[in-house]
Amino acid sequence: MTPVVGLRASRGFVLLAVLAALVVMALIATAIATLAERAIEDERAIEAGLDGRLAMHSTEATLLYLLATQRMTLGGLTIDMQVNRTEDEIASNEVAMPVSPIGNEVRLDGRSYRGVGPARFALQDDRGRLSPGWVDPPLRSRLVAQLGGDPIRAEDLFATLVDYQDADDLPRLNGAEADEYRAAGLPPPPNRPLANPLELRRVLGWRELLAPLDDAALMERFTLSRVPSVNVNTAPPAVLRSLFDVDDATARRAVAFREEAPFTSSFDVWRSMGLVVGEEGGFMVFPGQGVTLATWAPGAGARRIRHWQLTPLDDGGAPWRSEYGLRLPAPPLDPRLDALADPPAPLFRDPPAAAR
């Protein structure tokens, strides 16, 4: 090899080495930039999650304040203590707080509202759901049939529910105690009241009955409060179907009817359901003292479920009592729905830019 050829080969090798080094450096820079971008995105997600959870807690505190200080009407939770008395209420000079709807109440039927910041919330009146331990016997077979079970076994299912919660180990007729649970390979009943509606799945016979329902649907239908009657102003269509034995279209028509104005009497209910006056009972039109609050926010993970029992008459006690808390998958944030979920009260509106 001549000196000239050797020099050219040496230069070529150096050039290739430099190019290879540049490629490696470019790959390293790209990897660093990608990692940095991912770290920034992760940090933003963590920050959004913290902001979302803080907004959820702020929304919850605001709603508890409203629940403890405002009054209820047929339309839901008032937000500014307005009083709208009918002519009959004025003429009778009633001492009790009137219940006629104002028109700007926070509805208690599980609809979504905007809360503080990015948070969303929904309030559900306990009377708008079925209480398994307090369902009237005529409704039991109807409820079981609607869930796909054998209505003939309805009383057996409610017997096992009582056995699950009572303090003794003596099974009722067609009920179930520890021996029956062990035979089925299940933990024995705790002999105490249910801790939350999802615990219904642990009751022998009920787990199969409720299998078609996900946790959100189960929570929508059932409450643990002692509610013998159902509030038709807050009950979802599935509960209305159990209550009146009507088809889904009729139940949804009743929901559309109360959207225009809350039901104010049994006659309104019978007329909207297409029933004979006096044909059905077991319902009411006014909310109770128990409410389930759901809050969620983008990036905050699961939906937070809290059940509150208002206790305004407790002597020296707190204005409310927290009975259980749960976490369920958060519903998707649909921009079309969010556009309708206006803040229901000034407390939830964003402050002016100059005040921030």
Side-chain angles (χ1 to χ4, degrees), residues 35-70 72 76-81 104-126 195-198 214-216 219-220 223 289-312 317-356:
L35 291 174
E37 184 176 354
R38 289 180 180 175
I40 292 174
E41 291 177 354
D42 291 343
E43 188 65 26
R44 287 174 178 170
I46 293 173
E47 183 177 355
L50 291 174
D51 289 343
R53 287 190 286 275
L54 179 60
M56 289 165 60
H57 285 288
S58 298
T59 297
E60 182 177 286
T62 302
L63 286 166
L64 281 175
Y65 168 76
L66 290 173
L67 287 167
T69 59
Q70 308 299 298
M72 298 285 190
L77 174 65
T78 59
I79 60 174
D80 50 17
M81 293 301 290
N104 62 355
E105 291 91 344
V106 178
R107 298 292 186 93
L108 305 176
D109 56 3
R111 70 181 62 194
S112 301
Y113 287 101
R114 292 183 184 177
V116 175
R120 302 291 184 267
F121 73 88
L123 286 171
Q124 176 62 60
D125 170 35
D126 271 355
N196 59 69
L198 298 185
D214 61 21
D215 288 347
M219 291 292 298
E220 181 185 43
T223 178
Q289 296 294 316
V291 63
T292 300
L293 167 62
T295 53
W296 63 97
R303 174 172 38 168
R304 179 181 168 91
I305 308 291
R306 295 292 296 274
H307 182 269
W308 305 93
Q309 184 70 33
L310 303 180
T311 55
W320 60 72
R321 181 176 66 250
S322 177
E323 297 192 326
Y324 63 81
L326 296 169
R327 292 187 179 276
L328 297 178
L333 292 177
D334 189 335
R336 295 170 300 176
L337 297 179
D338 284 347
L340 302 175
D342 293 327
L347 289 172
F348 292 111
R349 294 195 177 100
D350 293 332
R356 295 177 183 172

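With hydrogens and angles ignored, the 3.5 Å screen pairs no side-chain donor or acceptor of Thr292 with any backbone N or O of His307.
For the pair Gln70/Val106, no side-chain contact is recorded, criterion being any heavy-atom separation below 4.5 Å from C-beta on. The side-chain heavy atoms of Leu326 and Met219, taken from C-beta on, include a pair separated by under 4.5 Å. For the pair Arg120/Arg114, a side-chain contact is recorded, criterion being any heavy-atom separation below 4.5 Å from C-beta on. With contacts defined as side-chain heavy-atom distances shorter than 4.5 Å, the pair Glu105/Leu77 does not qualify. Contact check for Asn104 versus Ile79: side-chain heavy atoms found under the 4.5 Å cut-off. For the pair Arg53 and Arg304, the minimum side-chain heavy-atom distance is 4.5 Å or more. Side-chain atoms of Glu323 and Asn196, non-hydrogen and from C-beta on, never get closer than 4.5 Å to each other.
To the nearest 0.5 Å, atom CG of residue Leu64 and atom CG of residue Leu293 are 7.0 Å apart. The CD atom of Gln124 sits 11.0 Å away from atom CZ of Arg111, with the distance rounded to the nearest 0.5 Å. The structure places CG of Leu328 at 11.0 Å from CH2 of Trp296, a figure rounded to the nearest 0.5 Å. One distance of note links CG of Asp109 with CD of Glu220; it measures 10.0 Å at 0.5 Å rounding.
Aromatic ring orientation, Trp320 versus Trp308: perpendicular (interplanar angle above 60°, classes split at 30° and 60°).
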Exercise for review: Apply the test side-chain contact (heavy atoms from CB on, under 4.5 Å) to residues Asp126 and Gln309: give CA-CA distance (whole Å), side-chain angles for both, the deciding distance (0.1 Å), then the verdict.
Suggested key: CA-CA 9 Å; Asp126 271 355; Gln309 184 70 33; 4.3 Å; yes
For side-chain contact (heavy atoms from CB on, under 4.5 Å), just list the numbers for Glu60 and Phe121, CA-CA rounded to whole Å, side-chain angles, deciding distance to a tenth of an Å, and then say yes or no. CA-CA 8 Å; Glu60 182 177 286; Phe121 73 88; over 6 Å; no
(Q) Could you go through Ile305 and Leu198, starting from their C-alpha distance and side-chain angles, then the distance that decides it, and tell me whether this counts as side-chain contact (heavy atoms from CB on, under 4.5 Å)? (A) CA-CA 12 Å; Ile305 308 291; Leu198 298 185; over 6 Å; no
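The two atoms that bring Ala119 and Thr59 nearest to each other are CB-OG1, 3.5 Å, heavy atoms only. Taking both residues in full, the closest heavy atoms of Ala330 and Gly301 are given as CB-O, 3.4 Å, listed atom of the first, atom of the second, then distance. Among all heavy-atom pairs drawn from Pro118 and Gly52, the shortest one is CG-CA, 4.3 Å. The shortest heavy-atom contact between Ala302 and Arg327 is CB-CB, 3.9 Å. In this structure, Ala68 and Pro319 approach most closely via the heavy-atom pair CB-CB, 4.1 Å. In plain terms, the two heavy atoms of Arg303 and Ala294 that are nearest each other are CD-CB, 3.9 Å.
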